[in-house]
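The structure appears right after this line, and notes come after that.
These numbers come from the heavy atoms of this one structure, side chains and all, not from hydrogens, waters or symmetry mates. Since we're looking at a predicted model, the values are computed, not measured.
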Amino acid sequence: MRTGLGIDSHRFAAGRPLILGGVEIPHDRGLDGHSDADVLAHAITDAILGAASMGDIGTHFPDTDEQWRGADSIALLREIVRRVAAEGWRVEHVDATVMLERPKLAPHRVTMMERLSAAVGGSVHVKATTGEKMGFVGREEGVAALAVATLERAGA
């Protein structure tokens with residue numbers, strides 16, 4: 001077994017949808033980024049890559065490459081799961097936390113966990129917390145996410 005840690009953050013931007021865990025969340029702003037800026041999917045992707053010792057999301061999908069502009073982060077996550085599986089690993093479990101002041105994620109958590117679990121082929125648990133009005137999260141300047149992934153050798 002191996003464990004990996006992933007962290008991501010993006011600032012809010014007008015005129016973009018807010019996508020977290022592959023789910024579009026109603027909000028007045030979305031997140032700025034080269035892809036769809038899904039911080040939760042990005043943190044999970046990096047956690048999986050870290051556990052497999054296979055670099056990070058920027059190594060596989062650099063923001064200098066136009067083919068990834070506006071990319072669906074769930075599709076990128078699926079591709080990383082495929083690449084990790086090709087190296088003999090499977091995702092056993094992911095635990096993740098999203099940090100944002102608003103909107104509240106409780107109404108969307110089950111759908112987020114279902115989409116993420118389907119993408120990784122293992123269980124995914126998602127939690128949410130606020131910044132208690134402190135820092136960039138607390139000032140509602142952006143969103144951050146943290147994820148821990150546990151991988152097992154395929155067939156183990």
Side-chain angles (χ1 to χ4, degrees), residues 1-13 16-25 30-65 67-101 105-106 108-131 134-138 141-154 156:
M1 288 186 119
R2 286 201 189 162
T3 303
L5 174 67
I7 300 171
D8 194 32
S9 62
H10 286 270
R11 69 177 155 246
F12 278 115
R16 289 184 57 110
L18 177 59
I19 300 170
L20 296 170
V23 177
E24 188 167 338
I25 311 291
L31 297 172
D32 191 25
H34 188 71
S35 66
D36 63 9
D38 184 337
V39 295
L40 180 54
H42 293 179
I44 291 170
T45 300
D46 269 349
I48 292 168
L49 285 165
S53 297
M54 291 177 60
D56 61 24
I57 194 169
T59 303
H60 294 266
F61 310 112
D63 63 6
T64 54
D65 190 334
Q67 74 174 316
W68 308 122
R69 181 170 300 284
D72 175 349
S73 295
I74 295 294
L76 300 181
L77 176 57
R78 280 190 199 104
E79 175 58 19
I80 289 306
V81 169
R82 187 194 67 73
R83 292 179 188 185
V84 165
E87 296 297 318
W89 296 101
R90 69 176 174 79
V91 178
E92 177 65 26
H93 181 71
V94 174
D95 184 40
T97 301
V98 180
M99 296 164 276
L100 76 165
E101 288 298 308
L105 294 185
H108 311 285
R109 275 181 3 109
V110 170
T111 304
M112 292 164 64
M113 290 188 289
E114 289 170 350
R115 291 207 180 143
L116 291 163
S117 293
V120 304
S123 66
V124 176
H125 186 73
V126 175
K127 304 173 302 294
T129 191
T130 68
M134 299 180 297
F136 78 92
V137 170
E141 295 170 7
V143 178
L146 169 74
V148 176
T150 302
L151 305 185
E152 286 189 331
R153 277 283 175 201

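The line from CD of E87 to CZ of R153 is 8.0 Å long, rounded to the nearest 0.5 Å. The CD1 atom of I44 lies 4.5 Å from the CG atom of L116; values are rounded to the nearest 0.5 Å. Remark: R82 CZ to L77 CG distance equals 13.0 Å, nearest 0.5 Å. Distance CG/L18 to CG/L100: 7.5 Å, rounded to 0.5 Å. Between atom CD1 of residue I48 and atom CG of residue L5 there is a gap of 12.5 Å, rounded to the nearest 0.5 Å.
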**Message:** Let's go through L105 and M112 carefully: what are the C-alpha distance in whole Å and the side-chain angles of both, what is the deciding distance for side-chain contact (heavy atoms from CB on, under 4.5 Å) to 0.1 Å, and is it a yes or a no?
**Reply:** CA-CA 9 Å; L105 294 185; M112 292 164 64; 4.3 Å; yes
**Asked** Does the pair V124 and R115 meet the rule for a side-chain contact (heavy atoms from CB on, under 4.5 Å), with working shown?
**Response** CA-CA 9 Å; V124 176; R115 291 207 180 143; over 6 Å; no
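Within the 3.5 Å criterion, the main-chain N or O of G22 finds a donor-acceptor partner in the side chain of D38.
In this structure, V91 and V84 have side chains that are not in contact, with every pair of non-hydrogen atoms separated by 4.5 Å or more. When side chains are defined from C-beta on, D95 counts as touching K127, because their heavy atoms get closer than 4.5 Å. Taking 4.5 Å as the limit, some side-chain heavy atom of L20 sits within range of a side-chain heavy atom of L31.
Here D72 pairs with nothing under the salt bridge (charged side-chain N to carboxylate O under 4.0 Å, His left out) rule; sequence neighbours left out. For T111, the side chain to side chain donor-acceptor pair (under 3.5 Å) criterion is met by no residue, not counting sequence neighbours. Among residues two or more places apart in sequence or in another chain, the side chain to side chain contact (heavy atoms under 4.5 Å, CB included) test is passed with A118 by none. Evaluation of the side chain to side chain donor-acceptor pair (under 3.5 Å) rule for T3 yields no partner, not counting sequence neighbours. Not counting sequence neighbours, the partners of H10 by the ring pair (Phe, Tyr, Trp, His ring centres under 6.0 Å) test are H42. Not counting sequence neighbours, T129 has no partner by the side chain to side chain donor-acceptor pair (under 3.5 Å) test.
Closest non-hydrogen pair, H108 versus I25, comes out as CG-CD1, 3.4 Å. Scanning all heavy atoms of the two residues, the minimum distance from T130 to E101 falls at CB-OE2, 3.3 Å. When all heavy atoms are compared, the tightest approach of A96 to L40 is CB-CD1, 3.6 Å.
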Side-chain donor-acceptor pairs under 3.5 Å in residues 141-151, sequence neighbours left out?
from : atom 1 : to   : atom 2 : distance (Å)
E141 : OE2    : R139 : NE     : 2.7

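Screening residues 67-98 for ring-ring contact (aromatic ring centres under 6.0 Å, His included), with sequence neighbours left out, gives F61-W68. Residue pairs meeting the side chain to side chain donor-acceptor pair (under 3.5 Å) criterion with at least one partner in residues 43-64, sequence neighbours excluded, are R2-S53, D56-T59, H60-R83.
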